[in-house]
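Below is one structure, written out as structure tokens; comments come after it.
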Amino acid sequence: LVVLIIAGRSVFGQANADSLNGGLSLSVNAHYGFVIPEYSSFILLTDEPVRSGEVSLEKRLGAKNPWTAVYNYPTVGLTLFYTTLGNNEIHGSEIALFPFIRLPVFQSPKFNAGISLGLGLGYVTKTYDEETNPFNVVVGSNLNVHFQTKVDLRYQLSDRLGIQTG
């Protein structure tokens with residue numbers, strides 16, 4: 001398991017996603033950060049910052065489902081995610097596809113904060129191999145579970161454009 005600390009910036013465009021009509025929105029996010037190593041030898045092998053990007057298609061759940069009001073009308077979606085892992089020669093990179101749910105914590109007409117949880121499938125380009133990649137003590141298989149959780153803040157610039165951090 002590799003834990004990443006990432007500062008994110010994004011721009012998202014939407015067709016009135018704050019309304020309860022369940023409109024679709026598209027977000028594009030870029031992240032920059034570093035790896036918190038789980039193994040002492042891992043820190044010596046991460047010589048680069050982590051750079052990530054993601055594209056998400058999301059839909060706000062409307063008022064037709066009674067449970068959505070309890071959770072402040074959450075958003076569900078699908079994300080395509082790409083990231084470097086701190087050392088391209090040893091750890092490679094990952095691409096993942098996962099569904100997610102975003103639960104709003106605070107909302108106003110222009111500003112909102114939320115928590116997102118996603119779980120899906122990831123593909124890592126470099127794995128441990130005793131002969132060709134003995135230093136990659138983190139990843140043993142190309143196919144992996146990808147888990148993402150984040151807290152984000154969003155500010156609506158207009159009806160169709162906003163910015164986000166998180």
Side-chain angles (χ1 to χ4, degrees), residues 1-15 17 22-39 41-61 74-105 112-157 160-166:
L1 174 68
V2 177
V3 179
L4 305 176
I5 298 294
I6 298 178
R9 300 286 186 268
S10 68
V11 174
F12 58 96
Q14 57 223 7
L24 289 176
S25 66
L26 179 71
S27 66
V28 179
N29 299 302
H31 307 281
Y32 182 88
F34 58 95
V35 175
I36 297 176
E38 236 184 297
Y39 306 101
S41 62
F42 193 72
I43 196 158
L44 301 173
L45 303 174
T46 55
D47 57 358
E48 304 165 2
V50 175
R51 295 173 184 90
S52 306
E54 61 184 66
V55 176
S56 300
L57 184 62
E58 55 188 78
K59 177 180 175 77
R60 184 150 186 204
L61 298 177
T75 303
V76 294
L78 187 66
T79 296
L80 179 62
F81 178 81
Y82 172 82
T83 187
T84 62
L85 298 172
N87 185 323
N88 195 46
E89 292 298 314
I90 295 172
H91 301 114
S93 58
E94 179 201 18
I95 189 164
L97 183 67
F98 60 92
F100 70 90
I101 185 166
R102 181 179 184 272
L103 303 170
V105 176
N112 73 63
I115 299 171
S116 296
L117 301 169
L119 181 66
L121 187 64
Y123 180 85
V124 179
T125 59
K126 305 270 180 145
T127 61
Y128 171 81
D129 183 282
E130 190 173 337
E131 294 178 13
T132 61
N133 198 4
F135 296 112
N136 188 347
V137 295
V138 178
V139 180
S141 170
N142 292 108
L143 289 178
N144 290 276
V145 171
H146 179 90
F147 174 76
Q148 185 181 76
T149 182
K150 63 181 174 180
V151 176
D152 64 48
L153 303 172
R154 294 180 175 186
Y155 182 76
Q156 199 70 30
L157 296 172
R160 297 184 179 266
L161 185 65
I163 57 174
Q164 164 183 316
T165 188

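The shortest side-chain heavy-atom distance between Phe34 and Val50 does not fall under the 4.5 Å cut-off. Arg60 places none of its side-chain heavy atoms less than 4.5 Å from the side chain of Leu24. Between Arg102 and Asp152, some side-chain heavy-atom pair lies under the 4.5 Å cut-off. Side chains of Pro104 and Asn112 form no contact here, defined as non-hydrogen atoms less than 4.5 Å apart. Contact annotation: the side chain of Thr75 never approaches that of Leu61 to less than 4.5 Å [non-hydrogen atoms, C-beta and beyond]. No side-chain heavy atom of Leu97 sits less than 4.5 Å from a side-chain heavy atom of Leu121. Contact check for Phe81 versus Ser52: side-chain heavy atoms found under the 4.5 Å cut-off. Leu85 places a side-chain heavy atom less than 4.5 Å from the side chain of Val124.
Asn136 contributes a side-chain N or O that, together with a main-chain N or O of Ile90, makes up a donor-acceptor pair within less than 3.5 Å. With hydrogens and angles ignored, the 3.5 Å screen pairs a side-chain donor or acceptor of Asn144 with a backbone N or O of Asn142. Here the side chain of Thr127 pairs no donor or acceptor atom with the backbone of Gly140 at under 3.5 angstrom.
Counting all heavy atoms, side chain and backbone alike, Gly120 lies closest to Pro99 at CA-CD, 4.5 Å. The two residues Leu57 and Phe100 make their nearest non-hydrogen contact at O-CE2, 4.3 Å. Smallest separation of non-hydrogen atoms from Ser93 and Asn88: N-OD1, 4.4 Å.
Considering only residues two or more places apart in sequence or on other chains, Ser141 meets the side-chain hydrogen bond (donor to acceptor under 3.5 Å, both in side chains) condition with none of them. Residues meeting the side-chain hydrogen bond (donor to acceptor under 3.5 Å, both in side chains) test with Ser56, sequence neighbours left out: Thr79. Remark: Phe98 engages His146 in a ring-ring contact (aromatic ring centres under 6.0 Å, His included) (not counting sequence neighbours). The side-chain hydrogen bond (donor to acceptor under 3.5 Å, both in side chains) search around Gln148 returns Glu54, not counting sequence neighbours. Under the side-chain contact (heavy atoms from CB on, under 4.5 Å) criterion, Pro49 pairs with Tyr32, Arg51, not counting sequence neighbours. Partners of Glu94 by salt bridge (Lys or Arg N to Asp or Glu O under 4.0 Å), not counting sequence neighbours: none found.
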Hey, mind stepping through Glu89 and Phe135 against side chain to side chain contact (heavy atoms under 4.5 Å, CB included) and telling me if it holds? CA-CA 10 Å; Glu89 292 298 314; Phe135 296 112; over 6 Å; no
Could you go through the side chain to side chain contact (heavy atoms under 4.5 Å, CB included) check for Lys126 and His91 one step at a time? CA-CA 5 Å; Lys126 305 270 180 145; His91 301 114; 5.7 Å; no
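Note that CG of Asn29 and OG of Ser27 are 4.5 Å apart. Values are rounded to the nearest 0.5 Å. In this structure, the separation between CD on Glu58 and OG on Ser25 is 3.5 Å, given to the nearest 0.5 Å. Interatomic distance, Thr149 OG1 to Leu117 CG, rounded to the nearest 0.5 Å: 4.5 Å. Residue Arg154 holds its CZ atom at 11.5 Å from OG1 of Thr165, rounded to the nearest 0.5 Å.
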